[in-house]
There are 2 protein chains.
Amino acid sequence: MPGTLDDVARAAGVSRMTVSNAYNRPEKLAPATLERVLQAARELGYGGPSAVGRSLRRGRTGVLGLLLNDALPYAFTDPGAVAFMRGLAVEAAARDLSLQLIAATGPAAARAVADAVVDAFVALAPADDDPALATVLARRLPLVTAGAPALPDVPCVTIDNVAAARRAAEHLLALGHTRLAVVTWRLLPDGHAGPAGLDRQHGSAFGVRRDRLAGYRQAVERAGLAWEDVRVEERPGNSREDGYAAGDAVLDALGARGPLGVLASTDVLALGVLQAARERGARVPEDVSVVGLDDVPEAAASTPALTTVHQDLFAQGRECARRAAGALPGPVHRHPSRLVVRASTAPPGGG
Amino acid sequence: MPGTLDDVARAAGVSRMTVSNAYNRPEKLAPATLERVLQAARELGYGGPSAVGRSLRRGRTGVLGLLLNDALPYAFTDPGAVAFMRGLAVEAAARDLSLQLIAATGPAAARAVADAVVDAFVALAPADDDPALATVLARRLPLVTAGAPALPDVPCVTIDNVAAARRAAEHLLALGHTRLAVVTWRLLPDGHAGPAGLDRQHGSAFGVRRDRLAGYRQAVERAGLAWEDVRVEERPGNSREDGYAAGDAVLDALGARGPLGVLASTDVLALGVLQAARERGARVPEDVSVVGLDDVPEAAASTPALTTVHQDLFAQGRECARRAAGALPGPVHRHPSRLVVRASTAPPGGG
DNA sequence: ATGAAAGCGCTAACAC
DNA sequence: GTGTTAGCGCTTTCAT
C-alpha cells in the first residue's frame, strides 16, 4: 500500500488539499510547493490518489457496464456479441469511458452486479426475469437492454424478432418447403438437449428466442401447416458444435424421408447444421435447406453461403451505449431486419 | 440517489450497522428486524449498499483490468485480441471477477488508468514506453504484460517473437525465395503508410513488431541476402484493409518482376495481402507466396489456406489472468510457437 | 496559493 | 442480536 494523501501531506509539510491539488490541478500550485509535494510522494512511494476514493467523492466512475447473460467467455465466442460489443466500444471510447464486462448469470452474479462500480448498464439479451435487472433498477443506474424488452419502462434496442423469424420461415415456405425443423438455443436453463415441446417454448424466459419461435410459428400456421409437426430441436448453447449436434439429431429423425427445411434461430447454429449436413453427405440446398438469423460475418463466407435475416448488431451496440451513457429514456427502438438470400436455400429437391 | 444506510437506519429505527448486516449477513438478524429494515429500504427506494462505498471499505473491487494499446473497438476487430480476451475471461469467470477493458492510449488514457477501479491489470502488447505501465506500477497493483517484455521485473507472457518471425522467413527462404517483402503494422504512432527504413524499424517502441522484424532480418541475413533489399511496408493499423493496401503497394513495386515472397507480420495483414494478390490476378502461391504470423482462426479458412506461425493466444490470456489475479510474480514466460505450412506458400514460380 | 471543515457511503472489530 | 467506534482515501466549498 503506497500510503495516502495525508501521509504525503505530512511528509511534505503541507495540507492534504495541497497534495490533492498537486495531482489534480498542478498549475494552481507554486512550482516550489509542487516540486516538494511530488518529491515527498516519490520518496514515500505514493502512487497517486486512490481510484476508489476518487470515485466515492466524485460520484462517477467513467465505466460503462455490460451485463452478459452467460459465462464471461461466451461473449468472445459469439460473433454477434462481438459485433455488439464493438458498437459499445465505439461509443464508450468517444466518451472516454471504459467498458466492464459482467457475468450476470450464475451464483456470483448478484454480488457482481450489486458491486459493479459503473455509471450505467447495458444488458445484452437478458432473460425476462433476470434478477440482475432488478438490482440495477434498484441502484437507480441508467439501464438499456438489447435483444428483447425485458422490463416495462426500460429503454430497449432490438429488432422485431418475431417478424425476423417469420420472414425466414416465409422464405422457406415460399420455396415450397413443407417439411420443416427448427433449431434453437437454450429455452430453459436446465441444460436440455433434444426436442422442445410447447411447454418449453412458451415457458422460456429468453425473450429473443421465444420471439423467434413465435415468428416461425406464425409463418407456419399462416401457410396452413401444423406447428406440432415442426420438430423444435433445442441445444443448451449457441455454438457451431451445438448446431452440429442439433442438425445431426434433426437429420437422423427426418432427413431420410425427403427434402428438409431447417430454421436455425441463430447463424452460429445454422453454420453447425450446414456442417452436419455436409458431413453426412446431404446436399445443401437440394436435400437440406438452411436459413439462419443474425447475418454474422461468417454467414457470407460459409460454403454454401448462408441464407439468413440480417440485423446490425454493431449499430445496436452503439445505440445502447449512447442511450445508457446519456441516460436517454425513450421506448423500445426496433432496428430494421431484412432477409438475405444466399446459397443455402432452394426449393425442396433443388427443383 | 436512493439514499444511504443511515437513511434506512433512521427510518427503521435501528443502527446503520444493522442495515449493513441486513444486506451482508441477513441470517445474523432477528427475522423481525430484518423485515423492518427491508421494509424501510423499500419505502425509501434504497437500492442497497453503494458499490463504491463497499469497494473503499473492503479494499478490493472484484475487477480485472485489461489495458489496450489501441482504441477500444480495435480489441473486437482483431481475432487475436479476441482469443486473448477469451482466455482472460475464462480465468476471470473462475474467480468471479469482472473484466474491464481500458484504452491505455490517447489523451484520456492517463486518467482512465489512474482512475480504474480494479484489483489487477493485464496489458496487451504495450509499447516499451507506455506511460500507463508506470502508472500501474506506481499504484502498486499487480501487472502482467502480454506480447513483449516491456519493463524489467514485470511478469510477461509471450512467445519468442524473434524466433517465430525467423521461422516464417526461413520457410520462405528454404523454398528458394530470394525476392522478399515484409508487411508490418504501425512501428511509430505517426500514421505513416509506406516503406519503413531502418530508422523506423529500430526506433519502434512496439516490442512485438520490432521483434518480428528482427526475426525476419536474422533469417534473411543468415541466408546471405541483404536486409536492405527487403522492402518493409508499414501500415498504421492491423486490419485486412491495411494488409490489402500494403499488398497492393508491394505488388505494384515488385510484383511484375517475378515471384515474390511476402512476410506479413500478422495473419490479419496476410489475409489482406492474399486478397490484394487475388484481385490483381496474381497466383498464390505460384506468383506470390504469403506467410503470416499468429494463426488466427481465419487463417485456416482462407483461400488459399494461410501458411503461418502458430501461437496460442487463448492460453496466454488464461495465464495472464491467472498470474495477475494471483499476483504471481515470476519472469517472462515464453509460450511455444510453430510453423504451420498450408497452401499460401510454395517455391518461387510454383516449381 | 494554501488550508480547514465537512462529508462521500460503507464495514471490521469490538462492545453491549 | 444490535450498537458504537473508527476509520477506508478523497475532493468540494469556502475561508484565508
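Just so it is clear: chains get the letters A, B, ... in the order the sequence lines come, proteins before strands, and each one is counted from 1. This one's a predicted model, so the numbers in the text were calculated from it and none came from an experiment.
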Margin query: If you compare all heavy atoms of A:Ala104 against all heavy atoms of A:Leu67, which two are closest, and at what distance to 0.1 Å?
Written below: CB-CG, 3.9 Å
Checklist line | 5' precedence on DNA chain D between B:Gly13 and A:Val52 (nearest-nucleotide basis) | finding: B:Gly13
Notebook entry, point to check: What does B:Tyr46 touch in the nucleic acid at a heavy-atom separation under 4.0 angstrom: a base, only the sugar-phosphate, or nothing?
Noted result: sugar-phosphate
Check: Excluding sequence neighbours, so at least two apart, what forms side-chain contact (heavy atoms from CB on, under 4.5 Å) with B:Arg57?
Finding: none
Check: Looking only at side-chain N and O atoms, does A:Thr18 come under 4.0 Å of OP1 or OP2 in C:dT2?
Finding: no
Checklist line | Presence of B:Ser15 side-chain N/O under 4.0 Å of D:dG3 phosphate oxygens OP1/OP2 | finding: yes
Check: Tell me the ring-ring contact (aromatic ring centres under 6.0 Å, His included) pairs involving residues 22-57 of chain A, sequence neighbours left out?
Finding: A:Tyr23-A:Tyr46
Margin query: Within the 3.5 Å criterion, strictly below it, is a donor on A:Arg54 or A:Asn24 matched to an acceptor on the partner's side chain?
Written below: yes
Under-3.5 Å N/O pairs linking protein and nucleotides 11-14 of chain D:
unit_1, atom_1, unit_2, atom_2, d
D:dT11, OP1, A:Asn24, ND2, 3.1
D:dT11, OP1, A:Arg54, NE, 2.8
D:dT11, OP2, A:Ser20, OG, 2.7
D:dT11, OP2, A:Asn24, ND2, 3.4
D:dT11, O2, A:Arg57, NH1, 2.8

Check: Between residues 26-35 of chain A and DNA chain C, which residues have a heavy-atom gap below 4.0 Å?
Finding: A:Lys28, A:Leu29, A:Ala30, A:Thr33
Notebook entry, point to check: Tell me: CZ of B:Arg140 to P of D:dG9, nearest whole Å?
Noted result: 14 Å
Notebook entry, point to check: Is A:Gly47 touching bases, backbone alone, or none of the nucleic acid, heavy atoms closer than 4.0 Å?
Noted result: nothing
Quiz: residues 81-91 of chain B side-chain donor-acceptor pairs under 3.5 angstrom, not counting sequence neighbours:
unit_1, atom_1, unit_2, atom_2, d
B:Glu91, OE1, B:Arg95, NH1, 2.9
B:Glu91, OE2, B:Arg318, NE, 2.7
B:Glu91, OE2, B:Arg318, NH2, 2.6

Show which side-chain atoms of residues 123-133 of chain A pair as donor or acceptor with protein atoms under 3.5 Å away, not counting sequence neighbours.
unit_1, atom_1, unit_2, atom_2, d
A:Asp128, OD2, A:Arg210, NH1, 2.4
A:Asp128, OD2, A:Arg210, NH2, 3.2
A:Asp130, OD1, A:Ala132, N, 2.8

Notebook entry, point to check: Is the shortest side-chain N/O distance from B:Thr4 to OP1 or OP2 of C:dG9 below 4.0 Å?
Noted result: no
Next item on the list: Sequence neighbours left out, what passes ring pair (Phe, Tyr, Trp, His ring centres under 6.0 Å) with B:Phe314? Give chain and number order.
Entry: none
Item checked: Atom-to-atom span, CG of A:Asp6 to P of C:dA5 - whole angstrom -> 13 Å
Next item on the list: Using whole Å, report how far CG of A:Leu56 lies from C1' of D:dG7.
Entry: 13 Å
Checklist line | Residue pairs involving residues 62-72 of chain B (criterion side-chain hydrogen bond (donor to acceptor under 3.5 Å, both in side chains); sequence neighbours excluded) | finding: B:Asp70-B:Arg186
Note to self: List the residues meeting salt bridge (Lys or Arg N to Asp or Glu O under 4.0 Å) with A:Glu43, not counting sequence neighbours, and say none if there are none.
What the structure shows: none
